[in-house]
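Here the structure comes first, spelled out in structure tokens, and everything after it is commentary.
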Amino acid sequence: MVFQRINQWCFGLNNILAAIILGATLVAGTTAQGAFTYMANTDSVSVTITGYTDSVPDDLVIPPKINGLTVTAIGEGAFGEVNNLTNVTIPNTVTTIGEAAFNAAGLTSVTIPYGVTNISDAAFEDCENMTNAIIPASVTTIGPGAFSDTALTDVTIPNSVANLGDGALSSCHDLTNVSLGSGVTSIAHATFVGDFMLQTIKIPAAVTNLGDIAFEDCSILTDVFFLGNAPNVESTTFPNTAFYGFHDMQISNYYTATAYYLPGTTGWDQFMTNTLMSATGDSPTNEFVPAVLWNPTIQTTGTNFGVQNGQYGFNVTATTNLPIAIEACDDLTQSNWVVLQRLTLTNGLYHFSETFHTNAPTRFYRIGFP
């Protein structure tokens, strides 16, 4: 996926930059580490980092202030294509990471500090060595392609993020786990396209829209857990193409992923009745992502329920091959549920037991999505 950018050009003279960009003077600020170039912001008390006058070090520390001015942003393309840059420390004064700020850099991981609210378009795109990115709860916007074409394996999107931009996590071929925060309301066009290793995902209850080809070519995606009503699925070419995918331009392969939804939720007809046409115009062999009611039950009666031989146990029943997680907590006011076991109800029945907790006055159990 290609995201267009506008390159900024600066002209140097005796290590002092004298270019005018957007009406602001670009200057160089010397720190103990070297000379950062920056642009004064309109508030006259803060600056945007635009680059570095010398060779960028492998381990870059961006200061919170330069020449008495607070660093609040990392500008467009500031450290893009700096292959030797493997680690960067970003101060908590920064609120914006600009477009393509670290595009195609050599970063292996990044910790974005609390205070950053905006991760702009393609900010970390093509960081092919980046296996880890920590996104803080202050972030509200993740732009198109922000983390595309990286080596991320596990991503947690905080509850503060409402929208994921087009292709935000596309072509992350090693991505196996994604945790979407409860604040996400829309999953945009091609957000996860080409994430070949993604097998399961939970769609938050707040999501009302799934973009076209949002999960295209997620070839081993098998379980999609919806925590709310069925979202609207955008379509520009085929019906319900959020999960559409093919590996060969002549032979289409349709996913057999199952969409699990909760009792009392609505809108699932669109998932059960629409079919797709193949790339060659042939009829598909299966319908699009069949929906299955996810409604496991803990049996509270019977010979297998209660305390026996120092163990507390119960049976769980549900649809055959339903994936579940058994969770427990000792205090409902703390909401500190802990996953005790993840499993699949192979025969639609499972007996769970654990050592009786004599030191806990109460113990609560529930069944959750795995």
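Both backbone and side-chain heavy atoms feed into the values below; hydrogens, waters and symmetry mates do not. Sequential numbering from 1 along the given sequence is applied to the chain's residues.
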Which pairs would a plain distance check flag for residues 88-96, meaning a side-chain donor or acceptor within less than 3.5 Å of a matching protein atom at least two apart in sequence or in another chain?
{"from": "Thr93", "atom 1": "OG1", "to": "Val71", "atom 2": "O", "distance (Å)": "2.6"}
{"from": "Thr95", "atom 1": "OG1", "to": "Thr72", "atom 2": "O", "distance (Å)": "3.3"}

Rounded to the nearest 0.5 Å, the CG atom of Asn83 sits from the CD atom of Glu128 at a distance of 9.5 Å
- Task: State, with a plain yes or no, whether a side-chain heavy atom of Thr191 is found less than 4.5 Å away from one of Asp166.
- Result: no
Between His173 and Phe196, is there a donor-acceptor pair closer than 3.5 Å when you use the side chain of the first and the backbone of the second? no
Applying side chain to side chain contact (heavy atoms under 4.5 Å, CB included) to Asn163 and not counting sequence neighbours gives Thr185, Ser186
Regarding Asn304 and His351, is there a side-chain donor-to-acceptor distance under 3.5 Å anywhere? no
Those residues at least two apart in sequence (or on a different chain) that pass side chain to side chain contact (heavy atoms under 4.5 Å, CB included) with Arg366 are Glu327, Trp337
When you measure from the side chain of Asp330 to the backbone N and O of Arg363, does any donor-acceptor pair fall under 3.5 Å? no
| query | Is a side-chain donor-acceptor pair under 3.5 Å present for Thr265 with Asn229? | reply | no
Side chain of Asp195, backbone of Cys172: donor and acceptor closer than 3.5 Å? yes
Met39/Val47 under side-chain contact (heavy atoms from CB on, under 4.5 Å): CA gap, chis, key distance, verdict | CA-CA 5 Å; Met39 181 176 64; Val47 297; over 6 Å; no
Q) Is the Phe215-Phe192 ring centre distance short of 6.0 angstrom? A) yes
Sequence neighbours excluded, the answer for side chain to side chain contact (heavy atoms under 4.5 Å, CB included) partners of Asn336 is Cys329, Gln334
**Message:** Could you check whether Trp294 and Phe225 have their ring centres less than 6.0 Å apart?
**Reply:** no
Exercise for the section: State, without any angle test, whether Thr37 and Thr50 hold a side-chain donor-acceptor pair at a distance under 3.5 Å. Expected result: yes
Q: Report yes or no: does Asn347 contribute a side-chain atom to a donor-acceptor pair with the main-chain N or O of Leu349 at less than 3.5 Å?
A: no
Exercise for review: Apply side-chain contact (heavy atoms from CB on, under 4.5 Å) to Asn87 and Asp58, showing your working.
Suggested key: CA-CA 6 Å; Asn87 184 61; Asp58 297 353; over 6 Å; no
Assign the ring pair Tyr365 / Tyr312 to parallel, tilted or perpendicular, where the plane angle (0 to 90°) is split at 30° and 60°. parallel
By ring-ring contact (aromatic ring centres under 6.0 Å, His included), Phe79 pairs with (sequence neighbours left out) Phe102
So the side chain to side chain donor-acceptor pair (under 3.5 Å) pairs with at least one residue in residues 129-145 (sequence neighbours excluded) are none
Does the side chain of Ser120 pick up a donor-acceptor pair with the side chain of Asn118 at under 3.5 Å? yes
